[in-house]
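To start, the structure under review is shown below, and the notes come after it.
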Amino acid sequence: MQKLVFYITGSSSGIGLALTSYVLKQPDFRVIGYARRCKMANPNYTHIYADFSLPGIASSVEIPLFETAEHIVLINNAGTLGDVKPVGEIDSKMLEQTFTLNTIAPAVLTNRIISLYGKTKAKITIVNISSGAARHPVESWAGYCASKAALDMFSLVIQAEQRLKEQQKVTVLSVAPGVVDTPMQDLVRQIPVDIFPQSERFHHYKTQGMLENPEKIAKKIVELIFNPPNETLIDLRNR
Ligand SMILES: NC(=O)c1ccc[n+]([C@@H]2O[C@H](COP(=O)([O-])OP(=O)(O)OC[C@H]3O[C@@H](n4cnc5c(N)ncnc54)[C@H](OP(=O)(O)O)[C@@H]3O)[C@@H](O)[C@H]2O)c1
């Protein structure tokens with residue numbers, strides 16, 4: 001019997017891979033990972049191929065049900081910066097894909113998980129991996145900033161709905177992880193300064209050793225899951 005089940009999107013790289021590895025250190029935790037690549041081999045890990053930038057995938061992808069689970073955790077971690085350009089120059093198709101991956105997929109998966117486990121005895125925790133960029137504008141990151149800001153508001157509404165209930169079944173956290181040393185940051189540093197005016201700041205983080213280690217961030221996120229704070233919007237830089 002599986003007591004604790006994690007569904008983790010973007011389980012193949014960076015924060016998602018670190019979370020998957022960290023969770024699987026517990027012999028009785030089960031992980032269902034979603035991504036285009038599979039980077040994990042473990043008897044307690046099941047990989048499901050999904051490209052969440054495509055319309056309809058989050059509504060149709062398999063979500064295996066564990067009827068007797070006591071605690072279900074969905075970590076909406078898969079994300080993209082998208083096409084980094086000022087508005088007016090962004091590739092429109094890529095802009096659509098950014099919102100599909102960063103906002104629509106997490107919203108739909110959350111809706112499905114709460115519906116699927118609504119009548120079981122399982123406690124549900126939703127963790128949306130947001131960004132500081134959801135809360136501050138960054139030039140040339142309009143799609144990224146806005147798609148993550150929508151995720152923050154989606155989380156706040158779920159929490160408000162839960163407060164209306166006698167018993168809170170669902171806990172939701174929208175977590176800005178800080179600046180973390182992952183392939184996404186490698187990508188940020190490759191964007192030329194004429195397209196991305198804040199580029200210098202991100203080079204500085206790397207050269208000054210200011211990037212957070214993904215394993216450390218994974219540990220902090222798991223600690224939040226088991227000891228949730230009262231607030232919904234979390235910034236790990238303050239913890
Ligand atoms: N690193 C940072 O400093 C930082 C800061 C703030 C927020 N974040 C957020 O943290 C999350 C993880 O980022 P990361 O830094 O760990 O990036 P990463 O190393 O690039 O990993 C991104 C993950 O998302 C998955 N993904 C990307 N496109 C996908 C698609 N179309 N369908 C399904 N999965 C897809 C990737 O899997 P596949 O390529 O195998 O599909 C990969 O597992 C993102 O939501 C990001 O916005 C990161």
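Read the numbers this way: they start at 1 and go in the same order the structure lists the ligands and their atoms. Because the structure is a prediction, the values reported are computed rather than measured.
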Decide ring-ring contact (aromatic ring centres under 6.0 Å, His included) for F196 and F202; before the verdict, give the C-alpha distance in whole Å, the side-chain angles of both, and the deciding distance to 0.1 Å. CA-CA 10 Å; F196 179 42; F202 288 87; 5.7 Å; yes
In Å and rounded to the nearest 0.5 Å, what is the OG to CZ distance from S13 to R36? 10.0 Å
Under a 3.5 Å cutoff, is there a donor and acceptor pairing between the side chains of Y45 and H47? yes
Do D152 and S130 have a side chain donor and acceptor closer than 3.5 Å? yes
By side chain to side chain contact (heavy atoms under 4.5 Å, CB included) - contacts of A58 (at least two apart): F52, A105, V108, L109
Distance, nearest 0.5 Å, that separates CD1 of I57 from OH of Y34: 12.5 Å
Using a threshold of 4.0 angstrom between heavy atoms of the protein and any atom of ligand 1, which residues qualify? G10, S11, S12, S13, G14, I15, A35, R36, R37, A50, D51, F52, S53, N77, A78, G79, L101, I129, S130, S131, Y144, K148, P177, G178, V179, V180, T182, P183, M184, Q185
